[in-house]
Amino acid sequence: MSTQRNKPSDPARSMALLWRRGEPTSRRNKPDLSVDRIVAAASELADAEGLGALSMRRVADRLGVGTMSLYTYVPGKGELIDLMVDAAYAHMYADAPPEHWRDRLTEVAHANRRLYMRHPWILQTVTMRLLGPHCLAKYDRELAAVDGLGLTEIEMDSTVSLVNGYVESTARQTLALTEAERESGMDVEQWWRTYGPLLAALVDDEDFPLASRVGGAVGAAHQTVYAPDHEFAFGLERVLDGIQVLVEARSAGNGGA
């Protein structure tokens, strides 16, 4: 899933729109048009067809208006993508956070994974986005997951980045697999049923004893060669184990407080 190279947004215009400063009012002949409606339509289009399909004209068609009408509200595609990303962060956390820090970081990981599965196009945008209200609210909530553990502010930020980076990496892998299945017309199980016998006819298990033994165990356990949910959960626990070493070290350094 490659990153889209779009014309950069104008930071001043994007920030004004993100924080809804001086938002244009609806025109008399377009009373239902607004920034929020444009962003919602654009997000629906990107969810359905990917970021490559996004254009001001396509969004205007979905809204039943002329393309030029959109430019009264959003200057261009770059600013629109900034708004779309921030809007996607709006409803990630609805419940009160769990009590234990591992559970809180687990919640962070799963919330971000759901975000990418729901809006895969976010992974095609540039990593550094402008700081809108929902982006800052997301960051604040995720920092709260490690607040009070004795970590420095830098360590708090790096811990959240570590978890989110792990989630992003596994999401890319899962979505790439989904895309490969779509293009080939075969899911992993179908692929293995097709190519497994061909491989077995060509390869002697004694030549690759570990690969044969471990691969056979994985296939028996998951009925597939790669189980995204299992791999995500297993890796997340190992990431949290590493963070726990740091937390316990800081706690010991503070007299166990």
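Because the structure is predicted, anything quoted here is derived from the model rather than measured. Residue indices begin at 1 and follow the sequence shown.
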Has the side chain of [X] got a donor or acceptor atom that lies under 3.5 Å from a matching backbone atom of [Y]?
| X | Y | value |
| --- | --- | --- |
| Trp19 | Ser14 | no |
| Gln244 | Asp241 | no |
| Thr125 | Ile122 | yes |
| Arg62 | Val59 | no |
| Thr170 | Val167 | yes |
| Arg104 | Glu99 | yes |
| Glu79 | Gly76 | yes |

| message | Whether Arg141 and Asp147 form a salt bridge (side-chain N of Lys/Arg under 4.0 Å from carboxylate O of Asp/Glu) is what I want to check. | response | no
With rounding to the nearest 0.5 Å, note down the distance linking [atom1] in [X] to [atom2] in [Y].
| X | Y | atom1 | atom2 | answer |
| --- | --- | --- | --- | --- |
| Leu246 | Ser251 | CG | OG | 11.0 Å |
| Trp121 | Leu45 | CH2 | CG | 10.5 Å |
| Asp157 | Leu162 | CG | CG | 11.0 Å |
| Ile38 | Ser69 | CD1 | OG | 8.5 Å |
| Asp207 | Leu202 | CG | CG | 12.0 Å |
| Leu80 | Ser43 | CG | OG | 7.5 Å |

Side-chain contact test, heavy atoms from C-beta onward, threshold under 4.5 Å: evaluate it for [X] versus [Y] and give yes or no.
| X | Y | answer |
| --- | --- | --- |
| Pro133 | Asp86 | yes |
| Lys138 | Asn112 | yes |
| Met84 | His119 | no |
| Met56 | Met68 | no |
| Tyr73 | Leu17 | no |
| Leu33 | Thr72 | no |

| Partners passing side chain to side chain donor-acceptor pair (under 3.5 Å) against Asp204 (at least two apart in sequence or in another chain) |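 Here no residue qualifies.
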Kindly give the heavy-atom pair with the smallest separation between [X] and [Y], and that separation in Å.
| X | Y | value |
| --- | --- | --- |
| Glu168 | Leu123 | CG-CD2, 3.5 Å |
| Ala87 | His134 | CA-CD2, 4.2 Å |
| Ala60 | Leu70 | N-CD1, 3.7 Å |
| Asp103 | Pro98 | CB-CB, 3.6 Å |
| Met92 | Ala88 | CG-O, 4.1 Å |

| request: Start with the C-alpha gap between Arg13 and Asp82, add the side-chain angles, then the distance that decides, and say whether salt bridge (charged side-chain N to carboxylate O under 4.0 Å, His left out) holds. | output: CA-CA 10 Å; Arg13 290 184 174 185; Asp82 286 336; over 6 Å; no
| Over 12 foreign heavy atoms within 6.0 Å of OH, Tyr226 | yes
| message | Counting neighbours of CD1 on Ile154 that are heavy atoms of other residues, nucleotides or ligands and sit closer than 6.0 Å, is the number greater than 12? | response | no
| request: Measure from NZ or CZ of Arg118 to the centre of the six-membered ring of Tyr116 and say whether it is under 6.0 Å with the direction within 45° of the ring axis. | output: no
| field | side-chain contact (heavy atoms from CB on, under 4.5 Å) involving His110 - partner list, sequence neighbours excluded | value | Thr106, Arg114, Phe232, Leu236
| request: Indicate whether the side chain of Tyr93 and that of Glu142 have a donor and an acceptor atom separated by less than 3.5 Å. | output: yes
